[in-house]
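Here the structure is a predicted model, which is why all the values come from computation and not from measurement.
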Amino acid sequence: MYNRYEDQSKFIMDMEQLCIAEDGYVYISKEEDYGIAIDMESCYGTLDEVKSFIIFLQSIFVNWTISFNASTRKNDPSPQEKAFPFELEIIYIEEPDCIVFDYWCTVKNTQLDVTFEYKENHFFLRKYGAFDCIPDNWEETE
C-alpha cells in the first residue's frame with residue numbers, strides 16, 4: 001500500500017494508451033488495484049486536448065512522490081508507521097490551470113482534496129483539506 005507511486009512502470013506514460021473507460025474516467029495506472037483516474041466529466045477539454053498535460057502531470061506527481069518518500073525514509077527509520085494514510089484516487093482537471101487531487105483515507109472514512117494552480121510553469125498549492133487560499137510563497141511565511 002505504501003510507496004505505491006514509486007514504480008513509474010505501473011503508470012500509463014504513453015499518450016496513445018490513454019482512453020476513456022465505460023465509466024467516464026481515464027485510468028492512468030496499469031495496476032487494477034491502483035484505480036487512479038482522471039474524471040473526464042469535470043475536465044475542461046476533450047481527452048485529445050488534455051492527453052499531453054495528463055502525461056506531464058503524472059511525471060511531475062510520480063517524481064514528487066519518489067522525492068518525498070525518499071526524504072521521509074532518510075529522516076525517519078520507520079516511515080510506514082507514520083506514513084501518509086491517503087491514496088490518490090481521482091484527479092480533476094477543471095480548468096487548464098486548476099488541478100484537484102482527491103485522496104481517500106486508508107484508515108478511516110474520509111477524503112482529502114488537494115488543489116494546485118499551474119502557472120508560470122510551476123504548480124502552486126492552493127488548498128490542502130480545510131486550508132484554503134494558500135499564497136504562492138507559503139513556505140517562506142512564518
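Follow the hydrophobic side-chain contacts under 4.5 Å out from Ile36 and you reach Met13 in the same cluster. Phe124 and Tyr128 are members of different hydrophobic clusters when ILVMFWY side chains are connected at heavy-atom separations under 4.5 Å. In terms of hydrophobic clustering, with Ile, Leu, Val, Met, Phe, Trp and Tyr side chains grouped at heavy-atom distances under 4.5 Å, Met40 and Ile12 are assigned to a common cluster. Linking Ile, Leu, Val, Met, Phe, Trp and Tyr residues whenever their side-chain heavy atoms come within less than 4.5 Å places Phe53 and Leu47 in a single cluster.
How far CD of Glu94 is from CG of Asp39: 9.0 Å, rounded to the nearest 0.5 Å. To the nearest 0.5 angstrom, Glu41 atom CD is 10.5 Å from Asp23 atom CG.
The two residues Arg126 and Ile134 have their closest heavy-atom pair at NH1-O, 2.8 Å. Closest non-hydrogen pair, Gly35 versus Ser29, comes out as N-OG, 3.6 Å. Tyr25 and Ala37 get closest at one heavy-atom pair: CB-CB, 3.7 Å.
Residues passing the side chain to side chain contact (heavy atoms under 4.5 Å, CB included) test with Asp14 are Glu16, Gln17, sequence neighbours excluded. Under the side-chain hydrogen bond (donor to acceptor under 3.5 Å, both in side chains) criterion, Glu49 pairs with Thr46, sequence neighbours left out. Under the rule for a salt bridge (Lys or Arg N to Asp or Glu O under 4.0 Å), the partners of Lys119 that lie at least two apart in sequence or sit in another chain are Asp136. Every residue meeting the salt bridge (Lys or Arg N to Asp or Glu O under 4.0 Å) condition with Asp48, not counting sequence neighbours, appears here in chain and number order: Lys51. In this view, Ile55 and Met15, Leu18, Gln58 satisfy the side chain to side chain contact (heavy atoms under 4.5 Å, CB included) rule, not counting sequence neighbours. By the ring-ring contact (aromatic ring centres under 6.0 Å, His included) test, Tyr92 pairs with no residue at all, sequence neighbours left out. Listed by chain and residue number, nothing satisfies the ring-ring contact (aromatic ring centres under 6.0 Å, His included) test with Tyr27 (two or more places apart in sequence, or in another chain).
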Residue pair Ile28, Ile91: steps toward the side-chain contact (heavy atoms from CB on, under 4.5 Å) verdict:
CA-CA 10 Å; Ile28 61 171; Ile91 300 171; 3.8 Å; yes

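At least one side-chain heavy atom of Ile93 sits under 4.5 Å from a side-chain heavy atom of Ile54. Looking at heavy atoms from C-beta onward, Ile90 lies in side-chain contact with Trp104 at the 4.5 angstrom threshold. Side-chain contact check for Phe131 versus Leu125: every heavy-atom pair is 4.5 Å or farther apart.
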Identify every side-chain donor-acceptor pair in residues 107-115 under 3.5 Å, counting partners at least two apart or on other chains, and give the distances.
| residue | atom | partner | partner atom | Å |
| --- | --- | --- | --- | --- |
| Gln111 | NE2 | Asp102 | OD1 | 2.8 |
| Gln111 | NE2 | Asp102 | OD2 | 2.9 |

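A ring-centre distance under 6.0 Å is found for Tyr118 and Phe56.
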